[in-house]
2 protein chains.
Amino acid sequence: MAQADHGRTRILDAAAYTLRHKGLTGAKLSDIAKRAGMLAPSIYHHFPSKDHLVEEVMMEGIYHNNRHIMAQVEGLGSSASPIVRLRAAVVAHVDFLLTGDDYSSAVARVFDDLPDEMRKRVLAAYSSFDNYWRDLIVAAQRDGSANQALDPTVVRKFLIAMLDSCSSWYRPGKLSPAQIAEQAADMLLYGIAVERT
Amino acid sequence: MAQADHGRTRILDAAAYTLRHKGLTGAKLSDIAKRAGMLAPSIYHHFPSKDHLVEEVMMEGIYHNNRHIMAQVEGLGSSASPIVRLRAAVVAHVDFLLTGDDYSSAVARVFDDLPDEMRKRVLAAYSSFDNYWRDLIVAAQRDGSANQALDPTVVRKFLIAMLDSCSSWYRPGKLSPAQIAEQAADMLLYGIAVERT
DNA sequence: GTCTATAATCAGATAGAC
DNA sequence: GTCTATCTGATTATAGAC
C-alpha cells in the first residue's frame, strides 16, 4: 500500500469501485479509466483485456475479505467457543463490506454475471472461503451450541447472501456499520422471534 | 392462463426465463425470441423496446409474488398470530421462488442492474410489497413475539436478500423446495444458535 | 506510459416484403 | 404477425505517434 497510486493498483482500485457501483456490463472501460485518471486504451498497457482486469479484482476481493475475517476470528484466541467464533465472522464480514472495501463489494455485485469460464475459476478460489464458513457452522453444531436440524450448506448459502446484500442497500444514517453488523449477528444467531413457539 | 401461448404472453414468459438465467445484459433479444419461437425483430410487433419488455416482466414478477404471499398469509384466517403470519410469508416466498416462477426470480436477478429510471418505477411498485413485510415484522414486535431490539427495516432488507438468493443456488437433490422453505423459516425465526449466550 | 486515431464486433432497433 | 436485410450506436480492442 506504500505505493497506492502506482499505475496498476490505481486501475485495479478504479475497477473495483466502478464494478461495485455499476455492475459488470455497466462498468465501461472508459469509466474505469476516467476514475484512474487516464483514457481507456491506456489500460491495455497494464492489462491484456477487461476480463483479465475484472478477474484480478475478483481474486483480490476474495482474498482481502477472507484474510480479514480469518484474522478477526483467529484473533479471538483458542479459548473462544465455536458460536463466539461464528458471531465474530458475521460481524467481521458485514463490517468489512460496509467500511468501504470496494473489492469485496464488487465480488458480491458482479459474481453472478461473470462469463462461465471465469466464474468457475473465481468460484474455485472462493471455495476455501466457503469451507471456512462451513467449518465454523459445523463446529458450533457439534458443540451443541447451534441447531443441528439445520443443513450446514443451506445455512451457509442463506447466511452469505444475507450478509453480502448489505453493501447494496446500506446508506450511512441512523445506524452505523458496526450497529448493522450487530443486528445481523443477533438476527442470525438468535432469530427474529423471542422464543420458540 | 387459458391462452398461454398467445404471442405477447409467450414472449413475456421467454423473457422472464432468459432474464432469470442470464441476467439483464446477458439476455439478448435474440435469446428471448428464440425461446419464444421467433426471431428478434418480431418482438417489436408486441413491445416497443427491450426496456419495455423487461419492465413488464419486473412488474409481473412483483405482483405475482406479492399476490401469492398475501394469499397464503391471509388464508391463515384472522386468528393467526403475527409470528405465525410472518413464518407463513417466509415459507410462501421461498416456495414460490423454488417452485418455478421465472418472473419473480428474474426480479431478484436483474433488479440491481436496471437503468436508473426504470429501477425507480419498479421500486415504487415494490414498495407496497415492502410495506407488507414491514407490517408483518412490526406486528410481531408489538405483539411481543419478535425481538424489539431489531430494526424493522434492517430485518426486512436482510430477510428479503436472504430469501431471494435461493433461486440462484438451489438445485433439486437432497432437499425439496418445501424443506428449504422450512429451513429458512427456522433460521430466520429462531436463529442458528440453540440458546442466547 | 499515455495519447489520438481507428478497427472490429455486437446488439438494439427500423424498413419494408410477404 | 413474422420474416430478411440493414442501420445505428456503443464498446472493446489495436496501431502507432509522442
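Protein chains get the first letters and strands the later ones, always in sequence-line order, with residue 1 at the start of each.
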Taking only the side-chain heavy atoms of B:Leu29 (C-beta and beyond), determine which of D:dG1, D:dT11, C:dG12 contains the nearest atom.
-> C:dG12
Return yes if a side-chain donor-acceptor contact under 3.5 Å exists between B:Thr9 and B:His6, otherwise no.
-> no
Please tell me which of the listed nucleotides, C:dA11, D:dC3, D:dA13, lies nearest to the side chain of B:Met38?
-> D:dC3
Which class fits the ring pair A:Trp169 and B:Phe158: parallel under 30°, tilted 30 to 60°, perpendicular over 60°?
-> perpendicular
Anything under 30° is parallel, anything over 60° is perpendicular, the rest tilted; go ahead and classify A:His68 against A:Phe96.
-> parallel
Under 4.0 angstrom between B:His46 side-chain N/O and D:dT2 OP1 or OP2 | yes
Tell me: CG of A:Leu39 to P of D:dC18, nearest whole Å?
-> 18 Å
Counting heavy atoms from C-beta on, name the nucleotide in D:dC3, D:dG1, C:dT2 closest to the side chain of A:Arg10.
-> C:dT2
Quickly work out the A:His45 NE2 to D:dA15 C1' distance and round it to whole Å.
-> 15 Å
Of the nucleotides C:dT2, C:dT14, C:dT4, which has the atom closest to the A:Pro41 side chain?
-> C:dT4
Taking the six-membered ring for Trp, are B:Tyr126 and B:Phe129 ring centroids under 6.0 Å apart?
-> yes
To the side chain of B:Ser42, which of D:dA13, C:dG1, D:dT2 is closest?
-> D:dT2
Rounded distance (Å) that lies between atom P of C:dA13 and atom OH of B:Tyr44 = 3 Å
From CZ of B:Phe47 across to P of D:dT2 the rounded distance in Å is 12 Å
Euclidean distance, atom NE2 of residue B:His6 to atom C1' of D:dG1 [Å, nearest integer] | 11 Å
Let me know the distance between NZ of B:Lys50 and C1' of D:dA10, rounded to the nearest Å.
-> 14 Å
Quickly work out the A:Leu24 CG to D:dT11 C1' distance and round it to whole Å.
-> 13 Å
Whole angstrom value for the distance that separates P of D:dA13 from CG of A:Asp51 | 7 Å
Would you mind classifying the nucleic acid contact of B:Thr25 as base, sugar-phosphate or nothing, using non-hydrogen atoms under 4.0 angstrom?
-> nothing
Trace of the salt bridge (charged side-chain N to carboxylate O under 4.0 Å, His left out) decision for A:Glu55 with A:Lys50 = CA-CA 9 Å; A:Glu55 187 162 339; A:Lys50 179 180 177 179; over 6 Å; no
